[in-house]
Asks: 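Handing you this structure, nothing more for now.
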Amino acid sequence: MNVLIVCESSFGNTRHVAEAIAAGLRKEGHQAHLYPVDQAPREISRDVDLLLVGTPTHNMTMTTAATRARAVDEGATESPTIGIHEWIELVTPMRHLPVRTFDTRTTGGFLPSAARDATRALKSNGFHAAKTGQSFLVDPITSGLRDGELERALNWGMSLGSVVSGTPRAG
Ligand SMILES: Cc1cc2nc3c(=O)[nH]c(=O)nc-3n(C[C@H](O)[C@H](O)[C@H](O)COP(=O)(O)O)c2cc1C
């Protein structure tokens, strides 16, 4: 399976999660190609079997230019020129391509999440096979991932082969 991972990050946590997911996929023999959101392709190759889209949660949804600027004010180490929402609007949709979204956030539970909104945006942009995947938790005190979250990301990556088995290829 050939997996494209597009990920936005300001403080590095979502990128670390994406790297762990990629490691899990590779452990199971899949190919995983990870792109920062502002370097991600706008045309997805037809040999991609699964698209993963990862984003931090800002103000209970995807980031905006204003919230990314606030992250920089708070010491963000990365400053992407566009966010996931903008990329979703730029990328050429693939109706049948399986997509899973994931996010990082400091508050769990049933609160609205960026991954859910990314799924909605993908669907309304023509990615009809998009589904919400997992949320990974960041400690608000240390600003790092909570214990066990990278392992959970690795395990999720290892399990993702089942998403594609039996589904038609992209198109
Ligand atoms: C401007 C801003 C708004 C945020 N809003 C939320 C929020 O509504 N809910 C939440 O759980 N975390 C919120 N956070 C925490 C982020 O989710 C956290 O910084 C992010 O997951 C870290 O990912 P990153 O290291 O990849 O940037 C916010 C952070 C920033 C900078």
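Computed over heavy atoms, backbone and side chain alike; hydrogens, waters and symmetry mates excluded. Bear in mind that the values here come from a model prediction, so they are computed numbers and not experimental data.
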Asks: I'd like to know whether CD of Glu151 has more than 12 heavy-atom contacts from other residues, nucleotides or ligands below 6.0 angstrom.
Replies: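 Open.
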Asks: I want to check something: taking the side chain as every heavy atom from C-beta on, are Leu52 and Leu4 in contact at a cut-off of under 4.5 Å?
Replies: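 Of all side-chain heavy-atom pairs linking Leu4 with Leu52, none is under 4.5 Å.
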Asks: Counting only N and O atoms by type, is there a donor-acceptor contact under 3.5 Å from the side chain of Lys123 to the main-chain atoms of Ala130?
Replies: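 Answer holds: yes.
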Asks: What verdict does the side-chain contact (heavy atoms from CB on, under 4.5 Å) test give for Thr101 and Asp117, after you've listed the backbone C-alpha separation in whole Å, the side-chain angles of each residue and the deciding distance to 0.1 Å?
Replies: CA-CA 9 Å; Thr101 59; Asp117 288 347; over 6 Å; no
Asks: So, Thr67 side chain and Thr63 main chain: donor-acceptor pair closer than 3.5 Å or not?
Replies: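 Absent.
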Asks: Do the charged groups of Arg152 and Glu149 touch, with an N to O distance under 4.0 Å?
Replies: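 Salt bridge flag = yes for Glu149 with Arg152.
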Asks: Would you call Arg68-Glu86 a salt bridge at under 4.0 Å N-O?
Replies: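 Salt bridge flag = yes for Glu86 with Arg68.
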Asks: Could you check if a side-chain atom of Pro36 sits within less than 4.5 angstrom of a side-chain atom of Glu8, using non-hydrogen atoms only?
Replies: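 They are not in side-chain contact.
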Asks: Quick check: is Leu154 connected to Ile5 through a chain of hydrophobic side chains (ILVMFWY, heavy atoms under 4.5 Å apart)?
Replies: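 They do not share one cluster, since no chain of ILVMFWY contacts under 4.5 Å joins Ile5 to Leu154.
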Asks: Take Ser135 and Arg105, measure what side-chain contact (heavy atoms from CB on, under 4.5 Å) needs, and give me the verdict at the end.
Replies: CA-CA 7 Å; Ser135 288; Arg105 49 181 167 150; 3.1 Å; yes
Asks: Side-chain contact test, heavy atoms from C-beta onward, threshold under 4.5 Å: evaluate it for Val3 versus Val48 and give yes or no.
Replies: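 Not in contact.
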Asks: Report yes if the side chains of Leu122 and Val53 come closer than 4.5 Å at any heavy-atom pair, otherwise no.
Replies: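 The answer is yes; the side chains approach within 4.5 Å.
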Asks: Just by distance, no angles: are the side chains of Asp47 and Asn2 close enough, under 3.5 Å, to form a donor-acceptor pair?
Replies: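 Yes, Asn2 and Asp47 have a side-chain donor paired with an acceptor closer than 3.5 Å.
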Asks: Atom CG of Asp139 and atom OG1 of Thr106: how far apart are they, to the nearest 0.5 Å?
Replies: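 Reported to 0.5 Å precision, the distance equals 9.0 Å.
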Asks: Does the side chain of Pro41 reach to within under 4.5 Å of the side chain of Tyr35, using non-hydrogen atoms?
Replies: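 Yes, close enough: below the 4.5 Å cut-off.
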Asks: Are any non-hydrogen side-chain atoms of Val99 and Met94 less than 4.5 angstrom apart?
Replies: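 In short, these two side chains do not touch, never coming nearer than 4.5 Å.
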Asks: Quick one: does Asp38's side chain have a donor or acceptor within less than 3.5 Å of a partner on Ile82's backbone?
Replies: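 No.
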Asks: Picking from Thr57, Thr55, Thr14, what satisfies side chain to side chain donor-acceptor pair (under 3.5 Å) with Thr104?
Replies: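 Checked Thr57, Thr55, Thr14 against Thr104; only one passes side chain to side chain donor-acceptor pair (under 3.5 Å): Thr14.
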Asks: Have Glu43 and Thr92 got a donor and an acceptor in their side chains that come within less than 3.5 Å?
Replies: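 Thr92 and Glu43 do have a side-chain donor-acceptor pair below 3.5 Å.
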Asks: Side chains of Arg95 and Leu97: does their closest heavy-atom pair fall under 4.5 Å?
Replies: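 No; the side chains remain at least 4.5 Å from each other.
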Asks: Output, in order, the C-alpha distance, side-chain angles, deciding distance and verdict of side-chain contact (heavy atoms from CB on, under 4.5 Å) for Leu34 and Cys7.
Replies: CA-CA 7 Å; Leu34 171 58; Cys7 150; 3.9 Å; yes
Asks: Mind telling me whether Trp156 and Phe102 have parallel, tilted or perpendicular rings, with 30° and 60° as the class edges?
Replies: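 Ring orientation, 0 to 90° scale: perpendicular.
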Asks: Indicate whether the side chain of Arg26 and that of Gln31 have a donor and an acceptor atom separated by less than 3.5 Å.
Replies: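 Gln31 and Arg26 do not have a side-chain donor-acceptor pair below 3.5 Å.
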Asks: Output yes when a side-chain donor or acceptor of Asp103 lies under 3.5 Å from a complementary backbone atom of Ala114, and no otherwise.
Replies: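 Looks like yes, one N/O pair under 3.5 Å.
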Asks: Does Asp147 have more than 12 heavy atoms from other residues, nucleotides or ligands lying within 6.0 Å of its CG?
Replies: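 Not more than 12 within 6.0 Å, no.
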Asks: Which heavy atom of Ile88 sits nearest to which heavy atom of Ala118, and what is that distance?
Replies: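 Taking every non-hydrogen atom into account, CD1-O, 3.8 Å.
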Asks: Is the closest side-chain donor-acceptor distance between Thr132 and Arg116 under 3.5 Å?
Replies: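 Judged by distance alone, the side chains do not pair up.
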Asks: For a side-chain contact (heavy atoms from CB on, under 4.5 Å) check, start with the C-alpha distance between Glu74 and Phe11, then their side-chain angles and the critical distance, and finish with the verdict.
Replies: CA-CA 9 Å; Glu74 292 176 11; Phe11 296 94; 4.2 Å; yes
Asks: May I ask you to decide if Phe136's main-chain N or O and Arg146's side chain share a donor-acceptor pair within less than 3.5 Å?
Replies: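 Such a contact is absent between Arg146 side chain and Phe136 backbone.
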Asks: Working to the nearest 0.5 Å, report the span between OG of Ser45 and NE2 of His33.
Replies: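 Ser45 atom OG to His33 atom NE2 measures 9.0 Å (nearest 0.5 Å).
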